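None of the values given here were measured: they were computed from a predicted structure. For the numbers below, each heavy atom of this structure counts, side chains included, while hydrogens, waters and symmetry mates do not. Atoms within each ligand, like the ligands themselves, are counted from 1 in listed order.
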Amino acid sequence: MTLTFIGHGYVGLVTACVFADFGDEVYILGRTPEKISKLKQGDPLIYEPGLEELLKKNLKEKRIKFTLEFSECIPKSDIVFIAVGTPMSDNGEADLTSIYDVAQKVSTQLKKGYTVVCCKSTVPVGTNKKIYELIEKNILKNKNIKFDVASCPEFLREGSSVNDTFNPDRVVIGTDSKKARETLLELHKPINGKRIITDIASAELIKYASNAMLATKISFANLFAQFAEKSGADVEAIMNAVGLDKRIGRSFLYPGIGFGGSCLPKDVNALIHISKTYGIDPALLESVTKINIESRERFIEKVASNLREGWQICLWGLSFKPNTDDIREAPSIYIIEGLLNKGFKLKVYDPAAQEKVKKIFGDRISYNQDQYSALKDCDALCILSEWNQFKEADFEKIKKDLKSDVIFDGRNIYDPIKMKKMGFKYYSVGRKVL
Ligand code: UDX
């Protein structure tokens with residue numbers, strides 16, 4: 001099939017590369033000439049394991065073409081995927097400006113014959129219906145143009161998005177049209193995963209429900225980390241036991257400094273907004289967000305109350321999670337600001353995200369080339385994201401370089417007993433300080 005992906009972020013670029021790899025002819029449409037020229041050279045612009053190789057391979061095989069022109073790709077396409085951003089506006093609502101802007105442009109370029117317009121972006125219920133109405137209104141005069149709208153939300157995780165797209169748990173196809181459903185089922189044939197065939201509104205809500213559930217599990221774990229800290233219990237034992245219940249499962253029950261990233265915080269906020277427009281009580285979702293914010297605030301307090309003002313602290317891990325350079329809504333950003341406000345000096349290290357953090361904090365903090373040089377002249381170490389190289393750290397080196405042997409682990413990556421034996425004062429989340 002010939003496909004167009006509008007947008008080349010995590011969703012657009014990764015999904016486009018995967019379908020190109022299956023032999024489809026893929027156009028990727030962007031709006032920034034500098035970015036498109038880098039993408040044409042095989043630079044994916046985002047840090048994502050396996051993506052550069054996949055992009056370069058399919059560019060070489062000439063299955064991927066980048067363009068800035070709607071007229072170059074939309075008229076040739078069997079399916080047009082909308083994969084543009086739906087960022088959070090100031091009031092928490094999803095900003096749909098880009099969605100309607102591209103839908104408008106697509107409507108002027110649809111070919112004679114049949115096209116499926118499929119939205120991959122996370123959008124509030126009813127958005128696809130509006131996309132349909134907008135396009136229908138614009139093509140009214142041309143009876144030769146036929147189209148349908150579908151919603152195929154994306155569940156890929158940053159850091160493992162290539163693998164997630166090749167091997168998803170499920171493929172959700174939401175459409176009221178038999179022809180669109182058959183076209184999308186045919187396209188997805190080489191991809192694993194259970195098919196969920198449903199209507200558009202359900203597909204739109206499935207994405208929000210999934211992300212809200214994940215966020216709720218994390219905040220639930222963070223709530224119980226507080227119970228554990230107050231009562232002398234161990235949150236890990238609690239979550240291990242709770243997670244063994246097959247109805248619940250162990251994943252996403254890891255407490256720490258809370259969830260960040262481009263999806264969970266934004267989607268929970270958007271859902272709060274959607275709840276209000278329907279007159280549904282958003283109390284559960286508001287609590288999830290509140291607990292999330294408090295998790296990083298408690299971490300700042302824990303550090304501040306155990307160290308002296310003016311001390312220097314080393315931070316390992318700045319991205320919102322390992323294997324990405326993404327710092328959108330990263331807990332680290334709030335923690336850096338909080339610790340600076342409390343008068344601490346900060347030295348930081350991250351394998352991928354330093355350049356992005358530098359754009360925010362400039363010379364207010366010091367950046368380091370490796371994790372161990374970052375420790376020099378510091379009194380304490382904080383772990384803010386759990387990259388493997390931190391999990392497998394050389395503790396002798398840490399002891400040698402750190403002035404006081406204090407570690408605040410915001411991701412619970414070390415064993416408290418081992419840390420005690422090695423002579424560290426070790427603070428983690430919801431586990432006893434031994
Ligand atoms: C998420 C969803 O998982 C994915 O399905 C959707 O398509 C996009 O949003 P992503 O943002 O890449 O993916 O990250 P995810 O792996 O879900 O982690 C989100 C945040 O939660 C991270 O900051 C992570 O550190 C935190 N987290 C995760 C916890 O604090 N505890 C956990 O138990 C799990």
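Between Phe390 and Trp316, the ring planes are parallel. Angles under 30° get that label, and only those over 60° would be called perpendicular. The aromatic rings of Phe424 and Phe395 sit perpendicular to each other, their planes meeting at more than 60°, with 30° as the lower class boundary.
Between Val348 and Phe361, the closest side-chain pair of non-hydrogen atoms is not below 4.5 Å.
The cationic group of Lys397 lies under 6.0 Å from the six-membered ring centre of Tyr372 and within 45° of the ring axis, placing it in a cation-pi geometry.
Separating the CZ atom in Arg296 from the CD atom in Glu337 is a distance of 12.0 Å, to the nearest 0.5 Å.
If you look at ligand 1, the protein residues with a non-hydrogen atom under 4.0 Å away are Glu154, Phe155, Leu156, Arg157, Glu158, Lys207, Asn211, Leu214, Ile218, Phe252, Leu253, Tyr254, Gly258, Phe259, Gly260, Cys263, Leu264, Phe320, Lys321, Arg411.
By the 4.0 Å N-to-carboxylate-O rule, Glu182 lies close enough to Lys178 to be salt-bridged with it.
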